[in-house]
Amino acid sequence: MAATVKYDEVEAGQQIPAVEYQVRRVNLVMYAGASGDFNPIHWNERYAKAVGLPDVIAHGMFTMAQGGRFVTDWAGDPAAVVDYGVRFSSMVVVPDDDSGATIVVSGLIEEKLEDKRVVVVLTAKSGDARVLSKARAVVQLS
């Protein structure tokens, strides 16, 4: 599989349109099962509030994964991402209702590198809070 985005068709400064990812409590329970991270702050509202959180919060790595998903969906090939890193800057609070929370991820091609690689800088927000900072990926394009 190869990236579907062509190196010659992108430019530094080009925006990658935002995508919304819904997060509900069931997603956090499924993620806990897949990752083995059963910390009750990610599924038990009573416990989360008892330790000073506003409500249940999404796993940091779950939030990071949504950024990774954004990049791989854009590139068209998960193997095209050759480097990816973030810092966690705020929590994604997930209320126990039908809507849950929304993580909005957008991107910007910051730089074109040699060998048909680009640096993509991500912005990830939940509500007004930026939930990932220094989020960037190096992507191998076709």
Practice prompt. Can you sort out the partners of Thr63 under side-chain contact (heavy atoms from CB on, under 4.5 Å), two or more places apart, ordered by chain and number?
Written response: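 Here the qualifying residues are Ala58, Val92, Ile103, Val131, Leu132.
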Worksheet item: Got a sec, which residues hit side-chain contact (heavy atoms from CB on, under 4.5 Å) with Thr4, two or more places apart in sequence or on another chain?
Response: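 By the side-chain contact (heavy atoms from CB on, under 4.5 Å) rule, Thr4 matches no residue at all.
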Check: residues 7-17 side-chain donor-acceptor pairs under 3.5 Å, at least two apart:
from	atom 1	to	atom 2	distance (Å)
Tyr7	OH	Leu113	O	2.7
Gln14	OE1	Glu11	N	3.0

Apart from [X] itself, which Ile, Leu, Val, Met, Phe, Trp or Tyr residues share its cluster (side-chain heavy atoms under 4.5 Å, direct or through members)?
X      : answer
Leu108 : none
Val104 : none
Leu53  : Ile41, Tyr47, Val51, Ile57, Met91, Val93

Item to complete: Name all pairs fulfilling the salt bridge (charged side-chain N to carboxylate O under 4.0 Å, His left out) condition that reach into residues 41-50, sequence neighbours left out, sorted by first residue then second.
Response: Arg25-Glu45, Glu45-Lys49
Mind listing the side-chain donor-acceptor pairs of residues 66-80 below 3.5 Å, one per line with the distance, residues two or more places apart or on another chain?
from	atom 1	to	atom 2	distance (Å)
Gln66	OE1	Arg69	NH1	3.1
Gln66	NE2	Phe62	O	3.3
Thr72	OG1	Gly68	O	3.2
Thr72	OG1	Arg69	O	3.2
Asp77	OD1	Ala79	N	3.0

Worksheet item: In terms of hydrophobic clusters joined by side-chain contacts under 4.5 Å, are Ile109 and Tyr84 together?
Response: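 Both belong to a single hydrophobic cluster.
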Worksheet item: Do Val119 and Met64 share a hydrophobic cluster, counting only Ile, Leu, Val, Met, Phe, Trp and Tyr and linking them when any side-chain heavy atoms are less than 4.5 Å apart?
Response: no
Under 3.5 Å, which donor-acceptor pairs link side chains of residues 28-37 to any protein atom two or more places apart or in another chain?
from	atom 1	to	atom 2	distance (Å)
Ser35	OG	Tyr31	O	2.9
Ser35	OG	Asp37	N	3.1
Asp37	OD1	Asn39	N	3.2

Worksheet item: Do Phe88 and Met61 touch side chain to side chain, with heavy atoms closer than 4.5 Å?
Response: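 In contact.
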Worksheet entry | Any donor-acceptor pair under 3.5 Å from Arg24 side chain to Asp98 backbone | yes
Practice prompt. Applying side chain to side chain donor-acceptor pair (under 3.5 Å), name anything that partners Gln22, two or more places apart in sequence or on another chain.
Written response: Thr102
Practice prompt. Kindly check if the number of other-residue, nucleotide or ligand heavy atoms within 6.0 Å of NZ (Lys112) is above 12?
Written response: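 Count over threshold, so yes.
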What donor-acceptor contacts under 3.5 angstrom involve side-chain atoms of residues 135-142, with partners at least two apart or in another chain?
from	atom 1	to	atom 2	distance (Å)
Arg136	NH2	Glu110	OE1	2.3
Arg136	NH2	Glu110	OE2	3.1
Gln140	OE1	Arg117	NE	2.7
Gln140	NE2	Asp115	O	2.6
Gln140	NE2	Lys116	O	3.4
Ser142	OG	Ala3	O	2.2

Discussion item. Using 0.5 Å steps for rounding, measure from the OG atom of Ser90 to the NZ atom of Lys125.
Written reply: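 Taking OG in Ser90 and NZ in Lys125, the distance rounds to 11.0 Å.
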